Amino acid sequence: MNTDHIKLEESWKAALSDEFASPYMSDLRTFLQSEKAAGKQIFPKGSEYFRALDLTPLNQVRVVILGQDPYHGPGQAHGLCFSVQRGIRPPPSLQNIYKELESDLDMPRPKHGFLEHWAKQGILLLNSVLTVEDGQAASHRGKGWERFTDAIIKLVAAKEEPVIFLLWGSYAQKKADFVKSVEQGGKHLVLKSVHPSPLSAHRGFLGCKHFSQTNMFLNNNGLRPIDWSLPE
């Protein structure tokens with residue numbers, strides 16, 4: 001399949017060429033086109049479907065954080081899980097992530113929810129589903145995105161360099177359950193906790209210390225730690 005029309009960072013485009021050539025991706029494209037033709041508003045905008053991949057090329061991935069669906073409110077989603085555009089109040093789950101950052105690293109809570117600074121350091125902020133209809137949570141599940149993002153995780157897990165997988169909640173843990181951790185004789189660090197949502201954060205996310213553990217693992221492997229602060 002000729003992927004020239006697909007706007008995507010080149011290393012990912014090459015690695016995912018078989019996926020783009022698959023019938024399920026053709027079906028997904030047809031579905032999205034029909035939704036737009038019906039006048040439905042899709043988030044994020046088309047140029048940001050693959051924003052997480054564009055900001056974090058395959059050879060630069062050092063950490064993976066998995067989300068589920070994009071935010072479905074106007075002006076929120078821009079292609080990175082848990083992140084919102086500047087000027088939008090950080091949603092409750094992200095506020096709990098900031099609480100844990102503050103507790104774990106003694107770091108002031110960021111005043112915005114725009115996480116591109118993380119993505120540019122090699123943190124793949126990947127949702128399982130990359131689009132959603134305005135106001136309709138989980139409306140694009142089961143349309144093919146999950147298979148596409150499974151392929152992305154498999155590519156990262158196959159890297160020679162060690163990667164840290166931060167799996168928050170049962171959905172993320174199930175999606176990446178094939179990743180071989182250090183404890184299983186693999187090379188990757190897999191850190192698990194409950195989801196940071198207000199419904200569950202107090203049951204193990206707050207206090208998990210995943211941010212300091214990530215940097216310790218990077219240091220121990222001779223790799224540059226993450227700057228978790230989010231500059232204004």
Side-chain angles (χ1 to χ4, degrees), residues 1 3 5-58 61 63-85 91 93-94 115-116 119 123-158 163 165-179 195 197:
M1 176 192 180
T3 57
H5 66 288
I6 297 167
K7 292 181 179 176
L8 176 61
E9 190 276 328
E10 289 302 324
S11 67
W12 283 114
K13 186 191 281 192
L16 292 164
S17 59
D18 286 350
E19 301 305 313
F20 284 115
S22 296
Y24 83 89
M25 281 299 277
S26 178
D27 291 344
L28 174 58
R29 195 157 41 243
T30 300
F31 164 73
L32 291 169
Q33 288 168 347
S34 66
E35 291 291 279
K36 288 178 180 175
K40 295 179 181 179
Q41 188 166 13
I42 307 298
F43 297 139
K45 60 187 179 184
S47 61
E48 294 177 332
Y49 289 178
F50 303 127
R51 186 67 173 155
L53 304 180
D54 288 334
L55 288 173
T56 315
L58 178 55
V61 176
V63 180
V64 177
I65 298 177
L66 293 179
Q68 213 160 335
D69 301 273
Y71 297 120
H72 56 270
Q76 290 182 306
H78 64 106
L80 306 180
C81 73
F82 292 107
S83 181
V84 289
Q85 299 188 64
S93 291
L94 185 53
L115 304 183
E116 282 201 358
I123 301 179
L124 182 62
L125 295 163
L126 183 68
N127 275 317
S128 176
V129 177
L130 300 188
T131 57
V132 72
E133 183 186 341
D134 178 13
Q136 303 295 318
S139 49
H140 289 185
R141 284 188 194 171
K143 303 297 183 183
W145 281 129
E146 292 94 339
R147 184 169 163 183
F148 181 73
T149 52
D150 282 350
I152 291 169
I153 298 166
K154 285 172 184 165
L155 286 167
V156 174
V163 174
F165 289 81
L166 303 183
L167 306 180
W168 300 334
S170 58
Y171 186 93
Q173 290 164 25
K174 194 171 180 182
K175 189 169 178 70
D177 64 359
F178 63 89
V179 176
H195 195 275
S197 92

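Remember, predicted model here, so these are calculated numbers, not experimental data.
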Which atom names give the shortest non-hydrogen contact between [X] and [Y], and what distance separates them?
X	Y	result
Pro70	Ala77	CB-CB, 3.9 Å
Phe178	Ala157	CE1-CB, 4.0 Å
Leu58	Ser11	N-OG, 3.3 Å
Ala119	Thr56	O-OG1, 2.8 Å
Gly144	Leu28	C-CD2, 4.3 Å

Are the side chain of [X] and the backbone N or O of [Y] linked by a donor-acceptor pair below 3.5 Å?
X	Y	answer
Tyr71	Phe82	yes
Ser139	Glu133	yes
Trp168	Ser197	no
Glu9	Trp12	yes
Lys175	Glu146	yes

- Query: Could you go step by step and tell me if Tyr24 and Glu19 meet the side chain to side chain contact (heavy atoms under 4.5 Å, CB included) rule?
  - Reply: CA-CA 8 Å; Tyr24 83 89; Glu19 301 305 313; 2.6 Å; yes
- Message: If you apply the rule side chain to side chain contact (heavy atoms under 4.5 Å, CB included), what do you find for Leu115 with Leu94, and how did you get there?
- Response: CA-CA 10 Å; Leu115 304 183; Leu94 185 53; 4.2 Å; yes
What distance separates [X] [atom1] from [Y] [atom2], expressed to the nearest 0.5 Å?
X	Y	atom1	atom2	result
Leu8	Leu16	CG	CG	7.0 Å
Leu125	Arg51	CG	CZ	11.5 Å
Leu53	Leu124	CG	CG	6.0 Å
Tyr49	His78	OH	NE2	16.0 Å
Leu130	Ile42	CG	CD1	12.5 Å
Gln136	Lys40	CD	NZ	8.0 Å

- Task: Run the numbers on Leu126 and Ile153 for side chain to side chain contact (heavy atoms under 4.5 Å, CB included), then give the verdict.
- Result: CA-CA 9 Å; Leu126 183 68; Ile153 298 166; 4.1 Å; yes
Minimum side-chain heavy-atom gap [X]-[Y] below 4.5 Å:
X	Y	value
Ser128	Leu66	no
Leu155	Val61	no
Lys143	Val129	no
Gln68	His195	no

- Item | Those residues that, when tested against Tyr171, pass ring-ring contact (aromatic ring centres under 6.0 Å, His included) (two or more places apart) | none
- Qualifying residues under ring-ring contact (aromatic ring centres under 6.0 Å, His included), relative to Phe148, sequence neighbours excluded: Phe20, Phe50, Trp145
- Query: Above 12 or not: heavy atoms from other molecules or residues under 6.0 Å from CG of Asp18?
  - Reply: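 It does not: Asp18 CG has 12 such atoms or fewer within range.
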